[in-house]
Amino acid sequence: TETITIPCTEQGVTLTNAHFKDNRAALNGGAMATPDNYKNAFFQLNSITFQNNTAGNKGGALRISGPQTAAHISDSTFDGNAAVNSGGALSIEASAGLQMFRIKGSNNHVTGAGDGGFLYSKLSNPILIVDATIEKTATTKQGGGGAFAIFSSKIALERVTVERCQAGKRGGGGLLLNDGAEAHLF
């Protein structure tokens, strides 16, 4: 196991044609993560496969948190990732931002009582997802937002297909929004 440390002066990461498979994190981000409320990091991820990664808390594949921290993900696949608490594939929180283009997500799950089988967002900057297919993602019987759980955040979904997703008692088989959330569907 190797840890990659990014110096403060070089907090932008670009990855192309990478494959993250069968990685495990005791806490957040099975494949990649920033610490809570991290500042000034940018991830440019192109043609990435996240497969069968797990997190003991949030973001089975990827967890990003903090102001001026964001990810731009394109032409990528999220398959079979899982998190115990929230965000089977992705967790975006605490003013972090996310843009995704041409994404495929399938078989991502929350295994505990949390929310967001594919994506969990809380207090994030606006999220944009364009040209995506999210299928067969789920929470347990206690959770909500089979595909998306958006809390006190904004999300725009353009040409996004959500199918065969399941949520538990909190509802929202495809999309769960709380009182402070806003969704735009195009």
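Computed from a prediction, not measured in an experiment: that's the story for all the values here. Residue numbers start at 1 and run along the sequence shown.
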Next on the checklist: So that I know where these two stand, are F42 and H72 an aromatic pair - ring centroids less than 6.0 Å apart?
Outcome noted: no

Checklist outcome for this item: Closest heavy-atom pair, S86 versus S91, reported as atoms and distance to 0.1 Å, is O-CB, 4.4 Å

Next on the checklist: Please tell me whether V13 and I73 are part of a single hydrophobic cluster in this structure, the criterion being side-chain heavy atoms less than 4.5 Å apart.
Outcome noted: yes

Next on the checklist: Minimum heavy-atom separation for A167 and G172, please, with both atom names.
Outcome noted: CB-O, 3.6 Å

Checklist outcome for this item: For N108, the side chain to side chain donor-acceptor pair (under 3.5 Å) test, sequence neighbours excluded, returns N81

Next on the checklist: Among N53, N52, T54, which residue satisfies the side-chain hydrogen bond (donor to acceptor under 3.5 Å, both in side chains) criterion with N23?
Outcome noted: N53

Next on the checklist: Restricting to non-hydrogen atoms, name the atom on V110 and the atom on V84 that form the minimum distance, rounded to 0.1 Å.
Outcome noted: CG1-O, 3.4 Å

Checklist entry - Do Q142 and T140 have side-chain atoms, one donor and one acceptor, less than 3.5 Å apart? => result yes

Checklist entry - When you look at L90 and F118, which way does the side chain to side chain contact (heavy atoms under 4.5 Å, CB included) test go after all the steps? => result CA-CA 6 Å; L90 299 114; F118 179 72; 3.6 Å; yes

Item to check | same_hphob_cluster(F78, F148) at 4.5 Å side-chain heavy-atom cutoff | outcome: yes

Checklist entry - Relative to each other, are the rings of F50 and F20 parallel, tilted or perpendicular (30° and 60° limits)? => result parallel

Checklist outcome for this item: Sorted by chain and residue number, the side chain to side chain donor-acceptor pair (under 3.5 Å) partners of E135 (sequence neighbours excluded) come out as R164

Item to check | Where A25 and G30 come nearest, the two heavy atoms and their spacing | outcome: CB-CA, 3.9 Å

Checklist entry - Does the pair I129 and I134 meet the rule for a side chain to side chain contact (heavy atoms under 4.5 Å, CB included), with working shown? => result CA-CA 11 Å; I129 302 177; I134 310 302; 6.0 Å; no

Checklist entry - Ion pair present between D131 and R102, side-chain N to carboxylate O less than 4.0 angstrom? => result no

Checklist entry - If Ile, Leu, Val, Met, Phe, Trp and Tyr residues are connected whenever their side-chain heavy atoms lie under 4.5 Å apart, and connections chain through other members, are L176 and V162 in the same group? => result no

Checklist outcome for this item: CG (L98) and CD1 (I155) are apart, to the nearest 0.5 Å, by 8.0 Å

Checklist entry - Can you tell me if S106 and D79 form a side-chain donor-acceptor pair at under 3.5 Å? => result yes

Checklist entry - With respect to S76, which candidate in I48, L15, L62, N46 satisfies the side chain to side chain contact (heavy atoms under 4.5 Å, CB included) definition? => result I48

Next on the checklist: Could you measure the distance from the CD atom of E158 to the CZ atom of F186? Nearest 0.5 Å is fine.
Outcome noted: 6.5 Å

Item to check | Backbone N/O of I64 and side chain of T34: donor-acceptor pair under 3.5 Å | outcome: no

Checklist entry - How long is the gap from CG on D75 to OG1 on T49, to the nearest 0.5 Å? => result 11.0 Å

Item to check | Heavy-atom pair with the smallest gap, counting every atom of I150 and K154 | outcome: CG2-N, 4.5 Å

Checklist entry - Please walk me through it: do L119 and M100 pass side chain to side chain contact (heavy atoms under 4.5 Å, CB included)? => result CA-CA 12 Å; L119 170 70; M100 301 176 84; 5.8 Å; no

Checklist entry - Judged by atom type as modelled, is there a donor-acceptor pair below 3.5 Å linking the side chain of N125 to the main-chain atoms of S95? => result yes

Next on the checklist: Show the nearest heavy-atom pair for residues S121 and I127, with the distance to one decimal.
Outcome noted: OG-CD1, 3.4 Å

Item to check | Heavy-atom check, side chain of R63 versus side chain of N57, under 4.5 Å | outcome: no

Checklist outcome for this item: Given the options S152, S153, S65, S124 meets side-chain hydrogen bond (donor to acceptor under 3.5 Å, both in side chains) only with S153

Checklist entry - Going through the distances and angles, do V130 and R159 end up as a side chain to side chain contact (heavy atoms under 4.5 Å, CB included)? => result CA-CA 6 Å; V130 179; R159 295 184 304 275; 3.5 Å; yes

Checklist outcome for this item: Here the gap from E93 atom CD to T69 atom OG1, rounded to the nearest 0.5 Å, amounts to 12.5 Å

Next on the checklist: Rounded to the nearest 0.5 Å, what separates atom NZ in K58 from atom CG in D115?
Outcome noted: 10.5 Å

Checklist entry - With the 4.5 Å side-chain cut-off for hydrophobic clustering, are L185 and V160 part of the same group? => result yes

